[in-house]
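Index from 1, following the sequence.
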Amino acid sequence: MKRGSMINKPGVEERRDVSFPSRVLGHVVKCNGARATISARVPINEHALAATMSVGRLISIRVGQNRVVALVYSIHSPGEIWFEEEPNTMHFEVELVGEIRGEGEETKFSAGISDYPTLGSVAHQIRTTDLDAIYSVDSANPVNIGHLTQNAEIPSCISADALLDRHFAIVGTTGVGKSTAVSLLVNRIVDVCPDLRVLVLDPHNEFASAFKSRAHLIETDTLDLPFWLFRLEEFAEVIFRGRPTVAEEVDMLRDLIAEAKRNFKGTADGRPIARRQDRSSITSDTPVPYRVADLLALIDERIGQLDGREEKPYLRNLKQRIASVINDPRFRFMFSTNTIVDNLTDVISEIFRIPGDGQPITSFQLSGIPSEVVNAVASVLCRMAFEIALWSNGQMRILVLCEEAHRYVPADASLGFFPTRQAVARIAKEGRKYGVSLGVITQRPGELDPTILSQCSTVFAMRLANDRDQEIIRSAISNSSSSTISFLSSIGNGEAIAFGEAVAVPMRMCFERLKKHELPKTASGRGAGSSLRAKDGIPDVQHIIKSMRHTEVPLGSSGMPPQSAPLQPQMSDLADLEKAISGPAAPLAEPAMDMDEPAPEDESPSLGSVHSNDLRDSLLRKSPHRATLLKKAETPPTE
């Protein structure tokens, strides 16, 4: 009889399946639009069937010419009794996930089901060719990241394009291998997408060893992130050290920063930032350089005015906050001597690898940045990633990876930093239109903003023991169900359940094992401090103390150490100079001050981040009397 006639007779086709008892599992005894129950009769001392069937495995159900694919999510005995000397009955609860059509090379998988199983339909172990058809990837950039848990011979492939276009998330409790999975994914994606630029926000400094030579490391000691690149809210977050801001001080800061930016002369080579008639459009958020000396001089000028008595306490407090930050050695990455020139081109080129020079990955190590301003730094980086992709008209393809993402976009809207939440949310909601992708890594999805997680169309869910976290994953993934999530608490390390756009059906898989030298490790794990150890292997305590006190001068981005002297000469030094020249009877020509509110002696601390020449130029612009005094001081005495 020809094969075509057998296919047209369901009864004959069913007998053909039953003739292979090693694959037959049982028969359908219950079915609805989404799930089915399969009953199996287990002979005495027959353990092969029980060993074959387990939660999380795929089986197939013969329906006419096609085979319905189902996922086992529960196994039980109807009487809740297992007999050793008698046959037993087992029930498999399965979820219907799709349909296989065709045979051999024409085998195709579809997520839709045309014909549902009927009572008595035969269920059997799924074929290897059917598994290949289910998990095959038809996109232009398939990526192999491991193998199926059910069959180690079947590779677990994902679509790199779908993963990037629709964002992705990796969730799991600590120690299950999230960082290893991230390293594997990024390396494989960069292999097939060489035009991709990856920015990793690394709070634990652990990805340096994972990406090796293809990653550019930005550490606190070599970081120059200019303070003028921060928007008003971000700069206020820095000077207030993460504490609630004072509205009056922020309003003053908005006007004064804009004025300081308009007063900035130009770039290091003398080119103007903008034409004079265009400078009126510069605001406090415009990424234009300015000098802190100019900003503080403007504050002093406001303090010296006769009117505005009620503003003076706020101005003095604002000045103290700025001076405190710029003299804190932990903030050298913002207020170094390299940050008062228009080096925005260099900053963008370094962070976003334009050109890549064989290093398309930037590992931005955040552990050395003060914890109270990490959110502000993350806000700047995420905002820049979106704006670069936007204004490059889609020519830049960027992936932003947020490790410990619940720090930046917590579920509680009252926590965290709003501009950071806004920057990450903008990438999640609009990034795919401009070529910006978001990768979210977290061990507590329950503490992550559910809106951000819901925008991640592909999720790699590793072991999650917390019920709340499992519920968040269940609600965030549109095509998941309780049957798939139910065994998340018991899967092994390095194992995950992948959902979403990058895979055809939910896939239980194991990530490929990386070699030991490719695993992500913290600096202590890499032995980076081996040169700082004594001969007996004991760490250098003096070096530790210097690092804690931030007394060692780090290298700048140019490779040269910043000023070893104080970051900025004291203004009191200039006052002493004028007194020495003019004597007590020639005081400094300051604006009129309110004698009822004298400024404290320590109100003019070091200005930081600007050279003495910058301060001198600022003073000369303010007072012709100062110009005369300084000129007299600089003139060498005659014989």
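The existence of a salt bridge linking Glu387 and Arg426 is excluded, since no basic side-chain nitrogen approaches an acidic carboxylate oxygen closer than 4.0 Å. With salt bridges taken as basic N to acidic carboxylate O contacts below 4.0 Å, none links Asp130 and Arg62. Comment: Arg397 engages Asp165 in a salt bridge, judged by a side-chain N to carboxylate O separation of less than 4.0 angstrom. A salt bridge links Glu103 and Arg67; the closest N-O separation between the charged side-chain nitrogens and carboxylate oxygens is under 4.0 Å.
Using a 4.5 Å heavy-atom threshold, the side chains of Thr458 and Ile158 count as separate. With contacts defined as side-chain heavy-atom distances shorter than 4.5 Å, the pair Ser39/Thr89 qualifies. A 4.5 Å side-chain heavy-atom check between Ile59 and Ile38 finds at least one atom pair inside the cut-off. In this structure the side chain of Phe207 never reaches within 4.5 angstrom of the side chain of Val186, judged on heavy atoms. When side chains are defined from C-beta on, Ile100 does not count as touching Ile126, because their heavy atoms never get closer than 4.5 Å. A heavy-atom distance below 4.5 Å is not found between the side chains of His147 and Pro155. The closest side-chain heavy-atom distance from Leu438 to Cys402 is below 4.5 Å. Side-chain contact check for Thr451 versus Lys429: some heavy-atom pair is nearer than 4.5 Å.
Using a distance-only test at 3.5 Å, with no hydrogens or angles considered, a donor-acceptor pair links the side chain of Gln359 to the main chain of Ser213. For His167 (side chain) and Ala428 (main-chain N/O), a donor-acceptor pair under 3.5 Å exists by modelled atom type. In terms of modelled atom types and a separation under 3.5 Å, the side chain of Glu237 and the main chain of Phe417 share no donor-acceptor contact. For Arg353 (side chain) and Ile361 (main-chain N/O), no donor-acceptor pair under 3.5 Å exists by modelled atom type. No donor-acceptor pair under 3.5 Å is formed between the side chain of Asn375 and the backbone N or O of Tyr408. Side chain of Ser110 to backbone of Gly112: a donor-acceptor contact under 3.5 angstrom is found. Formation of a donor-acceptor pair under 3.5 Å by the Ser156 side chain with backbone atoms of Gly146 is found in this model.
The only option from Ile170, Ile491, Leu464, Asn493 that meets the side chain to side chain contact (heavy atoms under 4.5 Å, CB included) definition with Val176 turns out to be Asn493. Under the salt bridge (Lys or Arg N to Asp or Glu O under 4.0 Å) test applied with Glu495, the options Arg463, Arg508, Arg513 reduce to a single match, Arg508.
Scanning both residues, Pro203 and Leu366, for their nearest heavy atoms gives CA-CB, 4.1 Å. Pairing each heavy atom of Gly33 with each of Tyr116, the nearest pair is O-CE2, 3.2 Å. When all heavy atoms of Ala210 and Asn187 are compared, the pair lying nearest together is O-ND2, 3.5 Å. Here the shortest heavy-atom pairing between Leu96 and Cys31 reads CD1-SG, 4.3 Å. Considering all non-hydrogen atoms of both residues, Cys382 and Ile427 come closest at O-CD1, 3.6 Å. The two atoms that bring Pro445 and Ile472 nearest to each other are O-CG2, 3.7 Å, heavy atoms only.
To the nearest 0.5 Å, atoms OG1 (Thr107) and CG (Asp132) are separated by 9.5 Å. Between the OH atom in Tyr434 and the CG atom in Asn393 there is a gap of 10.0 Å [rounded to 0.5 Å]. For the atom pair CG of Asp202 and CD of Glu206, the computed distance is 5.5 Å after rounding to the nearest 0.5 Å. Here CD of Gln443 is found 5.0 Å from CD of Glu404. Values are rounded to the nearest 0.5 Å. Put simply, OG on Ser437 and CG on Leu399 are 5.5 Å apart, with the number rounded to the nearest 0.5 Å. To the nearest 0.5 Å, atoms CZ (Phe418) and CD (Glu234) are separated by 12.0 Å.
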Yes or no on side chain to side chain contact (heavy atoms under 4.5 Å, CB included) for Asn66 and Arg101, after CA distance, side-chain angles and deciding distance?
-> CA-CA 5 Å; Asn66 303 327; Arg101 302 188 182 102; 3.7 Å; yes
Next on the checklist: As a quick check of understanding, evaluate side chain to side chain contact (heavy atoms under 4.5 Å, CB included) for Ser114 and Glu99, giving each step before the final call.
Outcome noted: CA-CA 8 Å; Ser114 58; Glu99 187 175 63; 2.9 Å; yes
Decide side chain to side chain contact (heavy atoms under 4.5 Å, CB included) for Tyr135 and Val503; before the verdict, give the C-alpha distance in whole Å, the side-chain angles of both, and the deciding distance to 0.1 Å.
CA-CA 7 Å; Tyr135 294 113; Val503 295; 5.9 Å; no
**Asked** What do the steps show when you test His204 against Ser367 for side chain to side chain donor-acceptor pair (under 3.5 Å), and what is the final call?
**Response** CA-CA 6 Å; His204 305 302; Ser367 64; over 6 Å; no
Step by step, would you call Val198 with Arg214 a side chain to side chain contact (heavy atoms under 4.5 Å, CB included)? CA-CA 11 Å; Val198 183; Arg214 62 172 37 177; over 6 Å; no
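Between Phe511 and Phe460, the ring planes lie tilted relative to each other; the angle falls in the 30° to 60° range.
Because its NZ or CZ atom is not both nearer than 6.0 Å to the ring centre of Phe92 and within 45° of the ring axis, Arg57 does not count as a cation-pi partner of that residue.
For Thr37 and Glu93, the side-chain atoms include at least one donor-acceptor pair closer than 3.5 Å. Side-chain N/O atoms of Thr442 and His406 include a donor and acceptor closer than 3.5 Å. With no hydrogens or angles considered, a side-chain donor-acceptor pair links Thr118 and Ser121 at under 3.5 Å.
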